Amino acid sequence: MAGEEISIEYIALDELKRWERNPKDHDLGELGRSLSRFGFVMPILIDERSGMIAAGHGRIDSLLMLQQNGEVAPARIRVDGETWKVPVIRGVSFNSDGEAEAYGVADNRLVERGGWHETMLTVVLKDLAE
């Protein structure tokens, strides 16, 4: 993996190939509200070896839902006629399907396992509520 360079490229939503064994469920309503509020800030990750999405299925599903509902494209989504184009990280190749799957699970699971600094979270949520 040393020496690999990544880049970001815009690709049409309908050109992205899904990882069929993605076990993650998504709250598309919440994701859609987040995308509408904050824009699209986390690019999709493609495994160059397989051409499949390695991370970002929920964001793609949320964008498709927004588009089908006639919503305005979130910030940082390019619109070319009827086509929405999404930023994609290019340049990452996993050694095998198993490694790509392991990354996909870890990408979702590690943020859950980190927990919260409860005191700081309370302060931040209080400030946001004000």
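This structure is a prediction, so every number in the text was calculated from the model and none was measured.
Side-chain contact check for Arg49 versus Asp97: some heavy-atom pair is nearer than 4.5 Å. Taking the side chain as every heavy atom from C-beta outward, Tyr10 and Arg76 approach each other to under 4.5 Å. Looking at Lys24 and His57, their side chains never come closer than 4.5 Å, going by heavy atoms from C-beta outward. No side-chain heavy atom of Ser7 sits under 4.5 Å from any side-chain heavy atom of Ile89. Contact check for Leu66 versus Trp84: side-chain heavy atoms found under the 4.5 Å cut-off. Counting only heavy atoms from C-beta outward, the side chains of Ile46 and Val92 never approach each other to under 4.5 Å.
Glu71 contributes atom CD, which lies 8.0 Å from atom CE of Met65 (distance to the nearest 0.5 angstrom). For the atom pair OG1 of Thr83 and CD of Gln67, the computed distance is 7.5 Å after rounding to the nearest 0.5 Å.
A donor-acceptor pair is defined here as one N or O able to donate and one able to accept, closer than 3.5 Å; no such pair exists between the side chain of Glu15 and the backbone of Lys85. With hydrogens and angles disregarded, a donor-acceptor distance shorter than 3.5 Å links the side chain of Asp47 to the backbone of Phe94.
Pairing each heavy atom of Pro74 with each of Leu35, the nearest pair is CB-O, 3.4 Å. Taking all atoms of both residues into account, the shortest heavy-atom contact from Arg59 to Met42 is NE-O, 3.1 Å. Closest non-hydrogen pair, Arg33 versus Glu30, comes out as NH2-OE2, 2.8 Å. For the residue pair Gly104 and Asn108, the shortest heavy atom distance occurs at O-ND2, 3.0 Å.
Salt-bridge annotation for Asp61 and Arg18: present, with a side-chain N of the basic residue lying under 4.0 Å from a carboxylate O of the acidic one.
Taking hydrophobic clusters as Ile, Leu, Val, Met, Phe, Trp and Tyr residues chained together by side-chain heavy-atom distances below 4.5 Å, Leu13 shares a cluster with Val79. Note on Leu28: it does not cluster hydrophobically with Leu64, by side-chain heavy-atom contacts below 4.5 Å among ILVMFWY residues. Residues Met120 and Leu128 fall within the same hydrophobic cluster, defined by Ile, Leu, Val, Met, Phe, Trp and Tyr side chains chained together at heavy-atom separations under 4.5 Å.
Of the listed residues (Ile77, Val41, Ile44, Ile11), just one forms a side chain to side chain contact (heavy atoms under 4.5 Å, CB included) with Pro87, and that residue is Ile77. Considering Ile60, Val88, Leu45 as possible partners of Ile53, the one that fulfils the side chain to side chain contact (heavy atoms under 4.5 Å, CB included) test is Ile60.
Enclosure of atom CG in Asp25 is not indicated, since only 12 or fewer non-hydrogen atoms of other residues, nucleotides or ligands lie within 6.0 angstrom.
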